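Single-structure report; data block below.
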Amino acid sequence: MPQDRRPSFTRHHSQDMRSSTAPGGVEHAVRVDLDDLVCQMPEGPDRDAFSKEMDDFYRLFTRYLHEKKHSKPLDWEKVRGPKPEDVIAYGDLEAKELKDIKPLLNKLAVLKLNGGLGTTMGCVGPKSAIEVRDSQTFLDLTVQQIEYLNQVSDADVPLILMNSFNTDEDTKKIVQKYSAHNVNICTFNQSRYPRFKTDSNLPLARSPDNRPGFWYPPGHGDLYESFANSGLLEQLIKDGKEWVFVSNVDNLGATVDPAILQHMADTGAEFVMEVTDKTKADIKGGTIIDYDGQVRLLEIAQVPKAHVDDFKRVKKFKIFNTNNLWISLKAIKRVVESQKFDLDLIVNHKTTDDGTAVIQLETAVGAAIKHFTGSHGVNVPRSRFLPVKSTSDLFLVTSDLYLLENGQLLMNPKRTFKTVPVVKLGDHFKKVNDYLARFKTPPQILELDHLTVTGDVCFSSDVTLEGTVIIVANYGAHIDIPRGAILNDKVVSGDLRLLDH
C-alpha cells in the first residue's frame, strides 16, 4: 500500500514552527510534528490507532503546558487522612468461598499490568517471564491461579494482559504455550507516546519508527483509554462482564478474592482500591487521603518538598496503595467517553544516552479513584501485597517462608510471626544471575527477622538464618557461609573462605 507522506515543504514548515515564540506557538508546533509522524505511516488500521494515540498524547501535553503555567501546588493544609467510611477493614467483609460466588465470577475479568521489562534485575525481556519459584515465571503462576479459579468455581474468568511496546512481541509468543489450559487469554497494548525535549517542549521523534529512547509507555494510568481503544472493554461488556480486577503482574499476592468481589456487588461501588498497613519499607507508597472532602490518591511526587518528611511518617499516613484495583467496566466506559477523565500528571524527567534532557508525561491507574462513584479502599492483609521488585524480594518468595499452592504463595504455617522479614541484599546480588550464583540453595528463614548482606558473600547449601543477621564483606574481602551453618542473631564480617567437601 502506498505511503501517505507530506511533501518536503511540510517538514520545513514544522522546523520553522519549532523555533516559534508566538502565543500558542509551541502547541501548534507540536501538533504539526505529531501530524507529520502520523502521515509517515501507511494508511490502514495501524495508522488510525497511531493517530488516536497522538491525539491522546496531545491532550495530555496541552494539559501539562496549562498546568505548568496556571495550576496551584497542592494545599497541604487541606490534606487529611481518609474518613472512616473511605477505608473499610477487610475483616469486616463477609467471608466467601470461590465456589459460592460463581454467578459473580462469571461477570469478572482479571487484568494484569504487563508493560515492564526485567532490566533492573539484569534480565532480558518482559519481567513477567522471570522465573520466581520452582522454575515458574510470574506469568506461569498467574495462569495457574486463573485456571484453578475456573476449575473450582466452574466459572469462565478471562485473563487480560496489558502489554507495552517493550513487552508485546515476546508476551504474544510466550502465551501460546498456555493454549491447552482452561483460561482464555487476551492481550492489548498500552499507548506509545513520544518523549519531548525539556528546553523546547518539542517531540524527540522525527519518525514513527520505534527507535530506542525516543518513545515510552506512559504509565499504567493509560490503562483506561488504551483498554477502551483496543475494543476489549466494549467486548467484555457485551459478553456480560461487569467488573475487572487489576493488579501488577509481579505482585504474587494479588489473587481474586471472593469477599471483595461480593463486596463490590453488594455496595455497587464503581472502584475499590486495596490498601494495606504501611511499614518503614513502604514510606514512599501512595496513600488514600481526603482532600477538600473528596477521596483521592496522593503520590509522593505530588507532595511539596517541604512536606515530604511529613508524608513519609507512618503514624500520619498509615496505609498505602497496593495497586490491586476492582473497577466497574461500564463505569470505565462512561468516564473515558466523558472526555473529562483527567488523571493527575506525573512529570518524569529523563536523560537520553546522548545527554539530551527529555520529559515523559505519565499517569497512575489508582489516581482514577476520584472519578468513580462510591470509590473507597479496603484495608487488606499484607499477604495480598507480595511484589518482586528486586532480588531481595526474590529471596523471600523463593524461601521456605512461603508454600506454593495452585499458583498462589501462602505464608508457611510453621512461621511463628506472620510478619515478613526485612531483607536488604547489596549490589553484588542486584542482578538475578549474580544472585543465583551466590546461593547454592535458598536458606531456611522461618525464624528470620532481619537480614542485611553487603559485599562479596556466598552461601552454601542448607544454611539457616534466624533473628537478626548482618553479613559484611569489606572491599577486597570475601565471605563463604559454610554448608549447614546456623546463624542466629549474628554479625559476620571480615574475610572467610571455606571449601565444601
Side-chain angles (χ1 to χ4, degrees), residues 60 63-64 67 71-90 111 113 115 162 190 218-225 227 244-248 251 254 260 264 267 269-279 282-304 307-308 310-314 316-328 331-332 335-336 338 340-348 361-380 384-385 387 389:
L60 201 65
R63 258 189 68 204
Y64 160 74
E67 291 183 10
S71 70
K72 297 178 181 178
L74 188 79
D75 186 347
W76 195 249
E77 296 302 317
K78 294 182 179 179
V79 175
R80 298 282 185 273
K83 300 172 185 174
E85 63 268 26
D86 289 340
V87 179
I88 297 168
Y90 179 82
L111 191 155
L113 304 173
M162 184 176 84
Q190 68 178 116
H220 42 56
D222 178 59
L223 176 148
Y224 304 99
E225 288 185 333
F227 198 13
V244 62
F245 172 48
V246 178
S247 64
N248 297 336
N251 181 4
I260 299 178
M264 285 285 290
T267 61
E270 293 182 343
F271 189 107
V272 167
M273 173 184 289
E274 292 186 38
V275 297
T276 196
D277 292 343
K278 260 189 181 183
T279 67
D282 315 305
I283 55 176
K284 294 183 179 180
T287 187
I288 289 181
I289 61 167
D290 178 87
Y291 190 78
D292 248 358
Q294 184 184 41
V295 60
R296 287 180 54 176
L297 177 68
L298 178 64
E299 300 279 6
I300 192 168
Q302 300 168 279
V303 177
H307 300 286
V308 168
D310 197 20
F311 175 82
K312 291 179 179 179
R313 289 194 181 97
V314 176
K316 180 167 184 178
F317 297 102
K318 299 178 181 179
I319 56 174
F320 72 99
N321 170 29
T322 65
N323 226 34
N324 299 347
L325 308 172
W326 302 75
I327 317 172
S328 160
I332 293 176
V335 295
V336 170
S338 73
K340 297 177 181 177
F341 194 49
D342 292 341
L343 301 183
D344 296 328
L345 280 178
I346 300 170
V347 181
N348 201 342
L361 298 179
E362 303 175 10
T363 55
V365 64
I369 191 170
K370 64 182 180 181
H371 289 282
F372 292 95
T373 302
S375 297
H376 62 273
V378 173
N379 192 349
V380 298
R384 292 193 56 75
F385 185 68
K389 304 292 185 187

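In this text, all values refer to a predicted model and were calculated from it rather than measured experimentally.
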Under the salt bridge (Lys or Arg N to Asp or Glu O under 4.0 Å) rule, collect the residues that match up with [X], sequence neighbours excluded.
| X | value |
| --- | --- |
| Arg313 | Asp310 |
| Asp282 | Arg382 |
| Asp75 | none |
| Lys318 | none |

Assess whether atom NZ of Lys316 is packed by more than 12 heavy atoms of other residues, nucleotides or ligands within 6.0 Å. yes
Identify the two heavy atoms, one from [X] and one from [Y], that lie closest to each other, and give their separation to 0.1 Å.
| X | Y | result |
| --- | --- | --- |
| Ala364 | Glu299 | CB-OE2, 3.9 Å |
| Phe311 | Gly286 | CZ-CA, 4.4 Å |
| Ile332 | Phe372 | N-CE2, 3.8 Å |
| Ala269 | His376 | CB-CE1, 3.6 Å |
| Leu60 | Leu345 | CD1-CD2, 3.4 Å |

Given side chains that start at C-beta, do those of [X] and [Y] come closer than 4.5 Å, heavy atoms only?
| X | Y | answer |
| --- | --- | --- |
| Tyr224 | Val335 | no |
| Ile283 | Ile300 | no |
| Val378 | Val87 | no |
| Asn324 | Val380 | no |
| Val79 | Phe317 | yes |
| Thr276 | Ile319 | no |
| Leu113 | Ser247 | no |

Tell me, please, which residues at least two apart from Met273 pass side chain to side chain contact (heavy atoms under 4.5 Å, CB included). Phe271, Val275, Ile288, Leu297, Asn321, Leu325, Ile369
Could you grab the distance from atom [atom1] of [X] to atom [atom2] of [Y], nearest 0.5 Å is fine?
| X | Y | atom1 | atom2 | answer |
| --- | --- | --- | --- | --- |
| Asn248 | Asn323 | CG | CG | 4.5 Å |
| Met162 | Leu111 | CE | CG | 7.0 Å |
| Lys370 | Leu343 | NZ | CG | 7.5 Å |
| Glu274 | Arg384 | CD | CZ | 4.0 Å |
| Arg296 | Ile289 | CZ | CD1 | 6.0 Å |
| Gln302 | Asp344 | CD | CG | 4.5 Å |

Whether [X] side chain and [Y] backbone form a donor-acceptor pair below 3.5 Å:
| X | Y | value |
| --- | --- | --- |
| Thr287 | Leu298 | no |
| Gln190 | Gly219 | yes |
| His220 | Val365 | yes |
| His371 | Val336 | no |

Between Asp290 and Lys78, does any side-chain N to carboxylate O distance fall below 4.0 Å? no
Are Asp277 and Asn379 linked by a side-chain donor-acceptor pair shorter than 3.5 Å? yes
Residues that Tyr90 engages under side-chain hydrogen bond (donor to acceptor under 3.5 Å, both in side chains), provided they are two or more places apart: Asp257
side-chain contact (heavy atoms from CB on, under 4.5 Å) evaluation trace for Val303 with Trp76: CA-CA 8 Å; Val303 177; Trp76 195 249; 3.7 Å; yes
